[in-house]
Protein chains: 2
Amino acid sequence: MASTCPLCSGDGGTLVWRGRLMRVVHAGEEADRGFPGFYRVIWNTHVAEFSDLAGTERERCMAAVAVVEQVLREQLQPAKINLAALGNMVPHLHWHVIARFGWDSHFPAPVWAPAQRERDLVQEAAVQGRSEAIAQLLRERLAQAGLD
Amino acid sequence: MASTCPLCSGDGGTLVWRGRLMRVVHAGEEADRGFPGFYRVIWNTHVAEFSDLAGTERERCMAAVAVVEQVLREQLQPAKINLAALGNMVPHLHWHVIARFGWDSHFPAPVWAPAQRERDLVQEAAVQGRSEAIAQLLRERLAQAGLD
(Lines give C-alpha, C1' and ligand atoms only; values in the text may rest on other atoms or scores of the structure.)
Protein backbone atom coordinates (compact mmCIF):
# COMPACT_ATOMS: atom_id res chain seq x y z
CA MET A 1 0.00 0.00 0.00
CA ALA A 2 2.91 2.34 0.60
CA SER A 3 3.06 3.50 -2.99
CA THR A 4 -0.59 4.61 -3.19
CA CYS A 5 -1.43 5.48 0.44
CA PRO A 6 -1.48 9.24 1.05
CA LEU A 7 -0.46 8.73 4.69
CA CYS A 8 2.57 6.72 3.58
CA SER A 9 3.60 9.23 0.93
CA GLY A 10 2.78 12.45 2.86
CA ASP A 11 2.39 13.84 6.37
CA GLY A 12 -1.42 14.00 6.24
CA GLY A 13 -1.62 17.58 7.48
CA THR A 14 0.61 20.33 8.86
CA LEU A 15 3.27 18.45 10.79
CA VAL A 16 3.37 19.37 14.48
CA TRP A 17 5.53 16.56 15.86
CA ARG A 18 7.09 13.40 14.52
CA GLY A 19 8.16 10.45 16.62
CA ARG A 20 9.48 7.06 15.67
CA LEU A 21 6.04 5.39 15.92
CA MET A 22 3.63 8.24 15.30
CA ARG A 23 3.26 11.82 14.20
CA VAL A 24 0.80 14.59 15.07
CA VAL A 25 -0.58 16.93 12.42
CA HIS A 26 -2.97 19.87 12.32
CA ALA A 27 -5.62 19.23 9.66
CA GLY A 28 -5.55 22.32 7.47
CA GLU A 29 -8.29 21.13 5.13
CA GLU A 30 -10.61 20.66 8.10
CA ALA A 31 -9.78 24.15 9.36
CA ASP A 32 -10.78 25.41 5.91
CA ARG A 33 -14.21 23.83 6.29
CA GLY A 34 -14.80 25.21 9.76
CA PHE A 35 -12.89 23.00 12.21
CA PRO A 36 -9.67 24.77 13.21
CA GLY A 37 -9.25 22.57 16.29
CA PHE A 38 -8.88 19.37 14.22
CA TYR A 39 -5.70 17.35 14.80
CA ARG A 40 -4.60 13.84 13.88
CA VAL A 41 -2.38 11.24 15.50
CA ILE A 42 -1.10 9.14 12.59
CA TRP A 43 0.67 5.82 13.03
CA ASN A 44 3.80 5.97 10.89
CA THR A 45 3.74 2.46 9.44
CA HIS A 46 0.91 1.25 7.23
CA VAL A 47 -1.50 -0.57 9.53
CA ALA A 48 -5.22 -0.60 8.79
CA GLU A 49 -6.93 -1.43 12.07
CA PHE A 50 -6.33 -0.42 15.68
CA SER A 51 -6.30 -4.10 16.70
CA ASP A 52 -3.47 -4.74 14.23
CA LEU A 53 -1.22 -3.00 16.76
CA ALA A 54 0.40 -4.93 19.60
CA GLY A 55 -0.95 -4.14 23.05
CA THR A 56 1.98 -1.90 23.98
CA GLU A 57 1.68 -0.09 20.66
CA ARG A 58 -2.02 0.53 21.26
CA GLU A 59 -1.19 1.94 24.68
CA ARG A 60 1.41 4.31 23.25
CA CYS A 61 -0.92 5.36 20.47
CA MET A 62 -3.75 6.20 22.86
CA ALA A 63 -1.36 7.91 25.27
CA ALA A 64 -0.51 10.26 22.40
CA VAL A 65 -4.20 10.77 21.63
CA ALA A 66 -4.79 11.62 25.29
CA VAL A 67 -1.93 14.17 25.26
CA VAL A 68 -3.42 15.89 22.21
CA GLU A 69 -6.88 15.84 23.77
CA GLN A 70 -5.61 17.29 27.04
CA VAL A 71 -3.69 20.10 25.34
CA LEU A 72 -6.74 21.03 23.25
CA ARG A 73 -8.89 21.05 26.37
CA GLU A 74 -6.44 23.30 28.18
CA GLN A 75 -5.84 25.69 25.30
CA LEU A 76 -9.31 25.88 23.74
CA GLN A 77 -11.85 24.92 26.43
CA PRO A 78 -14.01 23.12 23.87
CA ALA A 79 -17.57 21.99 24.56
CA LYS A 80 -16.42 18.44 23.76
CA ILE A 81 -13.55 16.52 22.28
CA ASN A 82 -14.42 14.06 19.51
CA LEU A 83 -12.11 11.10 18.86
CA ALA A 84 -12.41 8.85 15.82
CA ALA A 85 -10.44 6.28 13.86
CA LEU A 86 -12.50 5.62 10.72
CA GLY A 87 -10.20 5.00 7.76
CA ASN A 88 -12.81 3.91 5.22
CA MET A 89 -11.21 6.11 2.57
CA VAL A 90 -7.61 5.87 3.79
CA PRO A 91 -7.11 2.57 5.64
CA HIS A 92 -3.93 3.66 7.39
CA LEU A 93 -4.44 4.05 11.14
CA HIS A 94 -5.05 7.68 12.06
CA TRP A 95 -6.94 9.15 14.98
CA HIS A 96 -8.92 12.34 14.54
CA VAL A 97 -8.82 14.48 17.70
CA ILE A 98 -11.33 17.29 17.22
CA ALA A 99 -12.12 20.20 19.53
CA ARG A 100 -15.83 20.94 19.15
CA PHE A 101 -17.64 24.14 20.16
CA GLY A 102 -21.27 25.07 20.67
CA TRP A 103 -20.86 27.75 17.99
CA ASP A 104 -19.30 25.48 15.35
CA SER A 105 -21.28 24.88 12.17
CA HIS A 106 -22.15 21.27 13.02
CA PHE A 107 -22.38 21.02 16.82
CA PRO A 108 -23.74 18.82 18.38
CA ALA A 109 -23.79 16.70 15.21
CA PRO A 110 -20.60 14.95 14.14
CA VAL A 111 -18.36 16.94 11.78
CA TRP A 112 -19.32 14.48 9.01
CA ALA A 113 -23.06 15.11 9.34
CA PRO A 114 -24.96 17.95 7.65
CA ALA A 115 -24.29 21.45 9.02
CA GLN A 116 -26.58 22.79 11.75
CA ARG A 117 -25.92 26.51 11.24
CA GLU A 118 -23.74 29.09 9.51
CA ARG A 119 -20.05 29.21 10.27
CA ASP A 120 -18.73 31.77 12.79
CA LEU A 121 -15.57 33.03 11.10
CA VAL A 122 -14.60 35.24 14.03
CA GLN A 123 -14.66 32.39 16.51
CA GLU A 124 -12.92 30.10 14.03
CA ALA A 125 -10.13 32.65 13.58
CA ALA A 126 -9.65 32.89 17.34
CA VAL A 127 -9.13 29.12 17.53
CA GLN A 128 -6.86 29.14 14.49
CA GLY A 129 -4.84 31.88 16.18
CA ARG A 130 -3.97 29.46 18.98
CA SER A 131 -2.42 26.95 16.56
CA GLU A 132 1.22 27.85 17.12
CA ALA A 133 0.87 27.90 20.90
CA ILE A 134 -0.88 24.53 20.73
CA ALA A 135 1.84 23.11 18.48
CA GLN A 136 4.59 24.22 20.86
CA LEU A 137 2.79 22.78 23.87
CA LEU A 138 2.10 19.52 22.03
CA ARG A 139 5.79 19.11 21.23
CA GLU A 140 6.70 19.69 24.88
CA ARG A 141 4.09 17.33 26.28
CA LEU A 142 4.66 14.54 23.76
CA ALA A 143 8.38 14.67 24.51
CA GLN A 144 7.69 14.67 28.27
CA ALA A 145 5.44 11.63 27.80
CA GLY A 146 8.38 9.74 26.30
CA LEU A 147 6.42 8.75 23.23
CA ASP A 148 9.43 9.30 20.92
CA MET B 1 -25.46 14.32 35.75
CA ALA B 2 -26.51 10.87 36.89
CA SER B 3 -30.17 11.73 37.15
CA THR B 4 -30.51 13.01 33.56
CA CYS B 5 -27.82 11.07 31.71
CA PRO B 6 -29.27 8.20 29.65
CA LEU B 7 -26.05 6.20 30.05
CA CYS B 8 -26.28 6.54 33.83
CA SER B 9 -29.96 5.59 33.97
CA GLY B 10 -29.91 2.85 31.30
CA ASP B 11 -27.65 0.34 29.56
CA GLY B 12 -27.43 2.31 26.29
CA GLY B 13 -28.27 -0.67 24.08
CA THR B 14 -28.78 -4.42 24.31
CA LEU B 15 -26.47 -5.50 27.10
CA VAL B 16 -23.85 -8.03 25.99
CA TRP B 17 -21.44 -7.93 28.93
CA ARG B 18 -21.08 -5.91 32.11
CA GLY B 19 -17.87 -5.48 34.05
CA ARG B 20 -17.04 -3.37 37.05
CA LEU B 21 -15.58 -0.55 34.95
CA MET B 22 -17.33 -0.93 31.61
CA ARG B 23 -20.08 -2.64 29.71
CA VAL B 24 -20.54 -3.67 26.09
CA VAL B 25 -23.85 -3.23 24.29
CA HIS B 26 -25.22 -3.95 20.82
CA ALA B 27 -26.82 -0.77 19.45
CA GLY B 28 -30.30 -1.84 18.39
CA GLU B 29 -31.33 1.58 17.15
CA GLU B 30 -28.32 1.65 14.85
CA ALA B 31 -29.19 -1.82 13.55
CA ASP B 32 -32.65 -0.44 12.76
CA ARG B 33 -31.10 2.26 10.59
CA GLY B 34 -28.84 -0.11 8.70
CA PHE B 35 -25.84 -0.83 10.93
CA PRO B 36 -26.28 -4.25 12.56
CA GLY B 37 -22.58 -4.48 13.41
CA PHE B 38 -22.68 -1.45 15.72
CA TYR B 39 -21.49 -2.02 19.31
CA ARG B 40 -20.53 0.27 22.16
CA VAL B 41 -18.05 0.09 25.02
CA ILE B 42 -19.54 2.30 27.72
CA TRP B 43 -17.63 3.44 30.80
CA ASN B 44 -19.87 2.74 33.77
CA THR B 45 -19.23 5.91 35.76
CA HIS B 46 -20.13 9.34 34.43
CA VAL B 47 -16.96 10.70 32.85
CA ALA B 48 -17.14 13.08 29.90
CA GLU B 49 -13.77 12.89 28.20
CA PHE B 50 -11.30 10.08 27.49
CA SER B 51 -8.52 12.08 29.15
CA ASP B 52 -10.58 12.28 32.35
CA LEU B 53 -9.63 8.63 32.89
CA ALA B 54 -6.41 7.67 34.64
CA GLY B 55 -3.75 6.11 32.40
CA THR B 56 -4.46 2.57 33.57
CA GLU B 57 -8.19 3.13 33.08
CA ARG B 58 -7.59 4.36 29.53
CA GLU B 59 -5.55 1.25 28.83
CA ARG B 60 -8.29 -1.05 30.12
CA CYS B 61 -10.94 0.85 28.18
CA MET B 62 -9.04 0.57 24.91
CA ALA B 63 -8.18 -3.06 25.59
CA ALA B 64 -11.94 -3.70 25.71
CA VAL B 65 -12.44 -1.70 22.50
CA ALA B 66 -9.74 -3.81 20.84
CA VAL B 67 -11.42 -7.05 21.98
CA VAL B 68 -14.73 -5.93 20.47
CA GLU B 69 -13.00 -4.84 17.29
CA GLN B 70 -11.15 -8.16 16.97
CA VAL B 71 -14.29 -10.24 17.52
CA LEU B 72 -16.19 -8.23 14.90
CA ARG B 73 -13.33 -8.66 12.44
CA GLU B 74 -13.27 -12.42 13.02
CA GLN B 75 -17.02 -12.92 12.90
CA LEU B 76 -18.03 -10.45 10.20
CA GLN B 77 -14.96 -9.81 8.00
CA PRO B 78 -15.94 -6.15 7.59
CA ALA B 79 -14.37 -3.84 5.03
CA LYS B 80 -13.30 -1.60 7.94
CA ILE B 81 -13.86 -1.05 11.62
CA ASN B 82 -14.80 2.47 12.67
CA LEU B 83 -14.04 3.63 16.23
CA ALA B 84 -15.39 6.84 17.70
CA ALA B 85 -15.92 8.56 21.03
CA LEU B 86 -17.97 11.67 20.27
CA GLY B 87 -20.41 12.36 23.10
CA ASN B 88 -21.67 15.75 21.95
CA MET B 89 -25.23 14.73 22.74
CA VAL B 90 -24.51 12.38 25.64
CA PRO B 91 -21.27 13.46 27.34
CA HIS B 92 -20.71 10.15 29.12
CA LEU B 93 -17.71 8.28 27.75
CA HIS B 94 -18.78 5.65 25.23
CA TRP B 95 -16.87 4.18 22.32
CA HIS B 96 -18.70 3.26 19.15
CA VAL B 97 -17.19 0.15 17.52
CA ILE B 98 -18.79 -0.22 14.11
CA ALA B 99 -18.27 -2.95 11.51
CA ARG B 100 -18.57 -1.33 8.09
CA PHE B 101 -19.19 -3.08 4.78
CA GLY B 102 -18.85 -2.06 1.15
CA TRP B 103 -22.56 -2.77 0.69
CA ASP B 104 -23.75 -0.71 3.67
CA SER B 105 -25.89 2.32 2.94
CA HIS B 106 -23.18 4.85 3.84
CA PHE B 107 -19.82 3.23 3.02
CA PRO B 108 -17.19 4.67 2.66
CA ALA B 109 -18.73 7.75 4.30
CA PRO B 110 -19.09 7.80 8.09
CA VAL B 111 -22.38 6.44 9.44
CA TRP B 112 -23.31 10.02 10.41
CA ALA B 113 -22.93 11.39 6.88
CA PRO B 114 -25.63 11.30 4.19
CA ALA B 115 -26.40 7.85 2.74
CA GLN B 116 -24.54 6.77 -0.41
CA ARG B 117 -27.00 4.11 -1.62
CA GLU B 118 -30.09 2.07 -0.75
CA ARG B 119 -29.93 -0.34 2.15
CA ASP B 120 -29.30 -4.06 1.48
CA LEU B 121 -31.73 -5.75 3.86
CA VAL B 122 -30.55 -9.26 2.98
CA GLN B 123 -26.94 -8.50 3.88
CA GLU B 124 -28.04 -6.61 6.98
CA ALA B 125 -30.08 -9.61 8.14
CA ALA B 126 -27.08 -11.89 7.67
CA VAL B 127 -24.99 -9.66 9.96
CA GLN B 128 -27.82 -9.35 12.48
CA GLY B 129 -28.08 -13.15 12.46
CA ARG B 130 -24.54 -13.32 13.85
CA SER B 131 -25.43 -11.22 16.91
CA GLU B 132 -25.84 -14.05 19.39
CA ALA B 133 -22.64 -15.78 18.31
CA ILE B 134 -20.82 -12.45 18.57
CA ALA B 135 -22.28 -11.79 22.02
CA GLN B 136 -21.16 -15.20 23.31
CA LEU B 137 -17.66 -14.77 21.92
CA LEU B 138 -17.42 -11.25 23.34
CA ARG B 139 -18.31 -12.51 26.81
CA GLU B 140 -15.63 -15.21 26.57
CA ARG B 141 -12.91 -12.90 25.26
CA LEU B 142 -13.63 -10.05 27.65
CA ALA B 143 -13.49 -12.47 30.57
CA GLN B 144 -10.24 -13.97 29.24
CA ALA B 145 -8.79 -10.47 28.95
CA GLY B 146 -9.40 -9.98 32.66
CA LEU B 147 -11.22 -6.71 32.12
CA ASP B 148 -13.80 -7.52 34.82
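All of these numbers come straight from a predicted model, not from anything done at the bench. Chain letters run A, B, ... following the sequence lines, proteins first, then strands; residues in each count from 1. FYI, side chains are in, hydrogens and waters are out, and symmetry mates aren't considered; it's all heavy atoms of this structure.
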Could you look at Phe107(B) and say if it's the side chain, the backbone, both or neither that has a heavy atom under 4.5 Å from chain A? side chain

Chain B contacts, top residue of Ser51(A), Gly87(A), Pro108(A) (heavy-atom pairs, under 4.5 Å): Ser51(A)

Measure up the Trp103(B) and Phe101(B) rings against each other and bin them: parallel (under 30°), tilted (30 to 60°), perpendicular (over 60°). parallel

Between Asp104(B) and Arg119(B) (salt bridge meaning N to carboxylate O under 4.0 Å), is one present in this structure? no

Max heavy-atom pairs within cutoff under 4.5 Å with chain A, candidates Ala85(B), Ala66(B), Ala79(B), Ala48(B), goes to Ala85(B)

Are Phe38(A) and His26(A), when compared by the centres of their aromatic rings, separated by less than 6.0 Å? no

Salt bridge Glu30(B)-Arg40(B), side-chain N to carboxylate O under 4.0 Å: yes

Count the heavy-atom pairs under 4.5 Å between each of His96(B), Met62(B), Met89(B), Arg100(B) and chain A, then report the option with the highest count. Met62(B)

Are any non-hydrogen side-chain atoms of Tyr39(A) and Ser131(A) less than 4.5 angstrom apart? yes

From the list Asn82(A), Asp52(A), Val67(A), the residue making the most non-hydrogen contacts under 4.5 Å with chain B is Asn82(A)

